[in-house]
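Below, each value reflects all heavy atoms present in this structure, side chains not excepted, and no hydrogens, waters or symmetry copies.
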Amino acid sequence: METIKTALFETLVDSAVKNDDGTYTFSLEGKSYIINDPLEISKIAQDHGYIIIY
């Protein structure tokens with residue numbers, strides 16, 4: 001049986017930490033990403049196999 005992973009978009013965005021240079025650090029499943037816009041989080045989560053709930 002396949003596991004379905006879901007995540008709330010708001011929760012994911014809230015977990016991003018704003019850096020001094022205006023970028024954000026976002027971590028998911030032990031991997032960290034430096035992003036310019038929190039909207040990039042959706043793509044990252046989808047790449048990890050998550051279904052995003054808005």
- Shortest non-hydrogen separation from Ala45 to Leu28 and the atoms involved: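 Answer, listing the atom of Ala45 first, then Leu28: CA-CD2, 3.8 Å.
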
- Quick one: closest heavy-atom pair of Ser42 and Ile52, and the distance? O-CG1, 4.3 Å

- Query: Going by atom types alone, do Asn36 and Thr23 pair a side-chain donor with an acceptor below 3.5 Å?
  - Reply: no

- Query: How about Ser32 and Ser27: does a side-chain donor come under 3.5 Å of a side-chain acceptor?
  - Reply: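 Ser27 and Ser32 do have a side-chain donor-acceptor pair below 3.5 Å.
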
- Message: Hydrophobic cluster membership, with links at side-chain heavy-atom distances under 4.5 Å among I/L/V/M/F/W/Y: are Ile4 and Tyr54 in one?
- Response: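 In one cluster with Ile4: Tyr54, no.
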
- Message: Would a single hydrophobic cluster contain both Val13 and Ile44, if residues Ile, Leu, Val, Met, Phe, Trp and Tyr are joined by side-chain heavy-atom contacts under 4.5 Å?
- Response: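 They do share one cluster, since a chain of ILVMFWY contacts under 4.5 Å joins Ile44 to Val13.
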
- Task: List the steps, then state whether side chain to side chain contact (heavy atoms under 4.5 Å, CB included) holds for Leu39 with Phe9.
- Result: CA-CA 9 Å; Leu39 296 178; Phe9 178 72; 3.8 Å; yes

- Message: For Lys43, I'd like to know if atom NZ has over 12 heavy atoms of other residues, nucleotides or ligands within 6.0 Å.
- Response: no

- Going through the distances and angles, do Tyr50 and Glu29 end up as a side chain to side chain contact (heavy atoms under 4.5 Å, CB included)? CA-CA 11 Å; Tyr50 282 84; Glu29 296 182 337; 3.2 Å; yes

What's the separation between atom [atom1] in [X] and atom [atom2] in [Y], rounded to the nearest 0.5 Å?
{"X": "Ile51", "Y": "Gln46", "atom1": "CD1", "atom2": "CD", "value": "9.5 Å"}
{"X": "Tyr24", "Y": "Ile34", "atom1": "OH", "atom2": "CD1", "value": "12.5 Å"}
{"X": "Asp14", "Y": "Leu12", "atom1": "CG", "atom2": "CG", "value": "9.0 Å"}

- Spell out, as yes or no, whether a donor-acceptor pair under 3.5 Å connects the side chain of Lys5 to the backbone of His48. yes

